[in-house]
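A quick write-up on the structure given underneath.
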Amino acid sequence: MERPLIAVLNGPNLNMLGQREPEIYGRATLDDVEQLCLRTAEKLGLAVDFRQTNIEGELISWVQECRRRARGIVINPAGYSHTSIALLDALLATDLPVIEVHISNIHRREQFRHHSYVSRAATGVICGLGVGGYSLALQAMTDLIANEDNR
Ligand code: CA2
């Protein structure tokens, strides 16, 4: 049987992971995060399409594409979490389970990071657990998909 495809989408500046601000985001690079997701997916029997963009419209187009091809979306919208109603609308239109991931605990940081528009479209939110949050999100997604299949 074909493995369910999960899109793991990353927003702006996450390509710089591991290169600056290690006290906030740790030392893992985005390539390390992709490897972690691929290893986790292998164990869970999922397929992963891992992407990063610095362009809001591109992120929105990828979310729209997921409607046809993916069973779920794991997304770290980065700065767009706090600004983008357009990204929220795209996620709401997918009707897919969405798990929002933040590497840092946005609630312990500046006030402007405490609110995420995207959370309104999220089945669940994981924040503050470092890059391990991506792996946890894939585990949670496995359960969400299994529950859909057993309905
Ligand atoms: O904690 C997270 O994962 C964030 O989504 C990361 C975003 C930030 O705007 C959110 O409030 C929380 C920032 C991504 C930029 O990542 C960098 C990593 C290393 C160096 C510079 C930026």
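Start at 1 and go down the list; that is how both ligands and their atoms are numbered. Computation of the quantities below employed the complete heavy-atom set of this structure, encompassing side-chain atoms and omitting hydrogens, waters and symmetry-equivalent molecules.
Ion pairing between R3 and E42 holds under the 4.0 Å rule for side-chain N and carboxylate O. Between E148 and R71, at least one side-chain nitrogen of the basic residue sits less than 4.0 Å from a carboxylate oxygen of the acidic one, meeting the salt-bridge criterion.
Summary of contacts: the protein heavy atom closest to atom 3 (O) of ligand 1 is I103 N, 2.7 Å. Nearest protein heavy-atom neighbour of atom 4 (C) of ligand 1: H102 ND1, 3.7 Å. When hydrogens are left out, the protein atom nearest atom 1 (O) of ligand 1 is S104 OG, 2.6 Å; that is the closest non-hydrogen contact. If you check which protein heavy atom lies closest to atom 8 (C) of ligand 1, you get R113 NH1, 3.3 Å. Among all protein heavy atoms, the one lying closest to atom 15 (C) of ligand 1 is N13 CB, 3.5 Å.
Follow the hydrophobic side-chain contacts under 4.5 Å out from L87 and you reach L9 in the same cluster. With hydrophobic clusters built from ILVMFWY side chains whose heavy atoms lie under 4.5 angstrom apart, V101 shares a cluster with L44.
In the vicinity of R20, heavy-atom distances shorter than 4.0 Å reach the ligand 1 atoms 19 (C), 20 (C), 21 (C). Under a 4.0 Å criterion applied to the non-hydrogen atoms of A78, ligand 1 contributes the atoms 5 (O), 7 (C), 9 (O), 14 (C). Within the listing of ligand 1, atoms 21 (C) sit less than 4.0 angstrom from a heavy atom of E21. Counting the atoms of ligand 1 from 1 in the order shown, those under 4.0 Å from a heavy atom of H82 are 10 (C), 11 (O).
The main-chain N or O of A78 is found under 3.5 Å from a side-chain atom of S81 such that the two form a donor-acceptor pair. Using modelled atom types, no side-chain atom of H102 and backbone atom of N76 make a donor-acceptor pair closer than 3.5 Å.
Under a cut-off of 6.0 angstrom, the local environment of CZ in R109 is crowded, with over 12 non-hydrogen atoms contributed by other residues, nucleotides or ligands. Applying the 6.0 Å contact sphere to CZ of R67 captures no more than 12 heavy atoms from other residues, nucleotides or ligands.
Closest heavy-atom approach to atom 6 (C) of ligand 1 within the set Y80, Y25, Y134: this belongs to Y25.
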Practice task
For side-chain contact (heavy atoms from CB on, under 4.5 Å), just list the numbers for V33 and V8, CA-CA rounded to whole Å, side-chain angles, deciding distance to a tenth of an Å, and then say yes or no.
Solution key: CA-CA 10 Å; V33 180; V8 181; over 6 Å; no
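Considering backbone and side-chain atoms alike, N76 places an N or O below 3.5 Å from some N or O of ligand 1.
The side chain of I106, and not its backbone, has at least one atom closer than 4.0 Å to an atom of ligand 1 (non-hydrogen atoms only; side chain from C-beta on).
Heavy-atom distances between G79 and ligand 1 reach below 4.0 Å in at least one pair.
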